[in-house]
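The next block holds one structure in the form of structure tokens; read it before the comments.
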Amino acid sequence: GWSLDETARAIRERRVSSREVTEACLRRIERWNPTVNAFLRVFDDSVIAAAERADAAVAAGRPLGPLHGVPLAHKDMYFRTGRASSMGSRAAPGAATTTATLLERLDRAGAIELGALNMAEFALGPTGHNAAVGHCRNAWNPAHVAGGSSSGSGVAVAARLAYGSLGSDTGGSVRLPASVAGVLGLKPTYGLLSGHGMMPLSHSADTPGVFARSTLDLALLLKAIAGHDPHDARTSRRAIPHYPAALSADVRGVRIGVPAQFFLDQVSDDVRRAVQASLDVLAGLGARIVSVSLPDCAQLTELSRVLVYAEATAIHGANLRARSHLYSPQVRVRAATGLGIPAPVYAQALAIRPRLLATFVREVYAQCDVLHLP
């Protein structure tokens, strides 16, 4: 099937209508969603009308956005005023009173929202299992896990149910399902994308992310949604580059660092072969492959757990008191983990983090320009 970029160009050039593309996605969802459970809800009443409005704009010669008429779908944790997001749980609060900045920017770019995608309950899970709303299944083998927490996003893109998707990544929640689904997932720099109107998990680590089937598609999505948001003080004020144009740059002379510790210690043989094949391609394009030494990543992982779970429990505190019986047992334990983290330990972790990050950047990126990890 066409990529997101090819579909957007075909709609602009009137070689296909948005309605035809949208109906094709709906037929695939009807056929495959009972198997993979990627969609929790399909917005049947609104998507065809939105596609017809998109086609009317093309026919009238009105200015079109870069994603005009293209059907997307998103992790069910991006809010839209008046709509309830499940957040993958039976314990979610009611209808939203605000709309996520990223959804507003996709609206302005002309994209169509097909529906709400499955996810780990409250984004607290790495596999795609969900006892509350049903497990999301791997797009290539339903007996295998989908990865999480943005499980539905990876599966919907891999199964050609949608052309792209918003997910979120606090500790791997875009990168895991993208890897498992065999699609591209991007966790961008913290602060590049607005988190306004997105379900929080850990304020100091939450990062919106995107899924697509090609780097150009990722670049188009990122260009449409990146940039400062006055509703989110965490967002950067740096100018946003033209990501699609940047794809033409080459990698000659770029130092690609392969870690000597931790990341490759427990890698399976098939993943190790894929990693090496990727390095071979990069080396053939002129990149320099260098071995790099890393700080103790196991200690950094434990530090991140302190921060993420303390913040998650703070966010879930009131909801746990009011609706704890509606949480799945495993997720209820995870959401309450911060109760066992003393405030001084959290404060110490906050104080240590910037120093450790500065040390990591200074020491590791003195050895290479980019890290290459499985």
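Everything numeric in this text was worked out from a predicted model, so none of it was measured. Heavy-atom basis, side chains included; hydrogens, waters and symmetry copies ignored.
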Enumerate, atom names and distances included, each donor-acceptor pair closer than 3.5 Å involving a side-chain atom of residues 131-142, sequence neighbours excluded.
unit_1, atom_1, unit_2, atom_2, d
His135, ND1, Asn130, N, 2.8
His135, ND1, Asn130, O, 3.4
Asn138, OD1, Trp140, N, 2.8
Asn138, OD1, Asn141, N, 3.2
Asn138, ND2, Val145, O, 3.0
Trp140, NE1, Ala181, O, 2.7
Asn141, OD1, Ala143, N, 3.0
Asn141, ND2, His144, NE2, 3.4

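- With no hydrogens or angles considered, no side-chain donor-acceptor pair links Ser194 and His196 at under 3.5 Å.
- Evaluation of the ring-ring contact (aromatic ring centres under 6.0 Å, His included) rule for His372 yields no partner, not counting sequence neighbours.
- Other residues, nucleotides and ligands contribute more than 12 heavy atoms inside 6.0 Å of the CD atom of Gln261.
- Annotation: side chain to side chain donor-acceptor pair (under 3.5 Å) contacts of Arg62 (sequence neighbours excluded): none.
- Looking at heavy atoms from C-beta onward, Ser153 lies out of side-chain contact with Val157 at the 4.5 angstrom threshold.
- With a 6.0 Å radius and a threshold of 12 heavy atoms from other residues, nucleotides or ligands, Arg272 has its CZ atom above the threshold.
- Atom CZ of Arg252 has 12 or fewer neighbouring heavy atoms from other residues, nucleotides or ligands inside a 6.0 Å radius.
- In this structure Ser324 satisfies the side chain to side chain donor-acceptor pair (under 3.5 Å) test with no other residue, sequence neighbours excluded.
- Counting heavy atoms from C-beta on, the side chains of Leu186 and Leu222 come closer than 4.5 Å.
- Each side chain to side chain donor-acceptor pair (under 3.5 Å) pair with one or both residues in residues 31-46, not counting sequence neighbours, appears once here: Arg41-Asp76.
- Under the side-chain contact (heavy atoms from CB on, under 4.5 Å) criterion, Ala219 pairs with Tyr243, Pro244, Leu247, not counting sequence neighbours.
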